[in-house]
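On a predicted model such as this, the values are computed, not experimentally measured, just so you know.
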Amino acid sequence: MRLEEEIHQRNFRNPRQKALINLVFTHGWVSHKLKSILRSYDLSIPQYNVLRILNGAFPEPLTTSTIAARMLDKASDASRLVDRMHKKGWVEKNVCENDKRLVDVKLSSKGKELTQQLALIDDDLDGILGNLSVEQASQLNELLDQLRG
């Protein structure tokens with residue numbers, strides 16, 4: 001559905017204003033879809049992001065500061081997220097051997113199991129952008145990269 005119909009607004013100051021509003025609206029739409037998929041795993045979007053980051057580094061640990069730097073949402077508090085995930089048994093935390101001020105984090109066996117379960121929903125996640133062809137998704141990626149400069 002077109003943005004104008006979704007938000008019941010016909011006029012925009014210019015195409016850039018419309019694009020900005022469209023990005024904000026679409027962010028909310030995508031987040032809602034993603035939350036509904038992750039809900040059955042008792043996962044928030046930031047927790048899913050941490051799992052994705054740790055799974056990419058597995059079996060090597062990452063410090064909480066490295067996790068924070070790789071987060072999609074830079075406002076997320078990686079330390080608190082890791083603490084909550086540790087309480088759920090998804091991650092292991094240890095004092096970093098090279099720098100005692102840092103904490104090393106890696107997926108626990110329960111967390112690795114969860115990431116394997118999440119791999120089964122990749123098609124559902126891809127389906128969020130299912131209205132786009134592979135070429136259109138690639139073009140969108142290029143445009144978004146260009147937007148961020």
Inter-residue atom distance [X].[atom1] - [Y].[atom2], 0.5 Å rounding:
X: Glu113; Y: Leu107; atom1: CD; atom2: CG; value: 11.5 Å
X: Glu6; Y: Asn22; atom1: CD; atom2: CG; value: 9.5 Å
X: Glu60; Y: Leu54; atom1: CD; atom2: CG; value: 12.0 Å

Answer yes or no: are there more than 12 heavy-atom neighbours, outside [X] itself, under 6.0 Å from its atom [atom1]?
X: Glu5; atom1: CD; result: yes
X: Lys74; atom1: NZ; result: yes
X: Asp99; atom1: CG; result: yes

Salt bridge (Lys or Arg N to Asp or Glu O under 4.0 Å) contacts touching residues 26-43 (sequence neighbours left out) | Asp42-Lys88

Side chains of [X] and [Y], heavy atoms from C-beta outward: is any pair under 4.5 Å?
X: Lys93; Y: Val82; answer: yes
X: Leu140; Y: Leu132; answer: yes
X: Val91; Y: Lys110; answer: no
X: Glu4; Y: Lys18; answer: yes
X: Leu81; Y: Pro46; answer: yes
X: Tyr48; Y: Leu125; answer: yes
X: Leu3; Y: Phe12; answer: yes

State yes or no: do Tyr41 and Ile53 share one hydrophobic cluster built from I, L, V, M, F, W and Y residues joined by side-chain heavy-atom distances below 4.5 Å, directly or via other members?
-> yes

Do the side chains of Leu23 and Leu72 join up, straight or via other hydrophobic residues, at under 4.5 Å, putting them in one cluster?
-> no

Heavy atoms only: give me the nearest [X]-[Y] pair and the separation to one decimal.
X: Ile37; Y: Ile128; result: CD1-CD1, 3.9 Å
X: Ser44; Y: Leu38; result: O-CD1, 4.0 Å
X: Ala78; Y: Thr64; result: CB-O, 3.9 Å
X: Val50; Y: Met71; result: CG2-SD, 3.6 Å

Given Thr63, which of Val103, Val105, Leu102 fulfils the side-chain contact (heavy atoms from CB on, under 4.5 Å) condition?
-> Leu102

Distance only, no hydrogens: is a donor on one side chain within 3.5 Å (strictly under) of an acceptor on the other, for Lys106 and Asn94?
-> no

With sequence neighbours excluded, residues passing salt bridge (Lys or Arg N to Asp or Glu O under 4.0 Å) with Arg52 | none

Output, in order, the C-alpha distance, side-chain angles, deciding distance and verdict of side chain to side chain contact (heavy atoms under 4.5 Å, CB included) for Leu118 and Leu43.
-> CA-CA 10 Å; Leu118 290 171; Leu43 272 172; 3.6 Å; yes

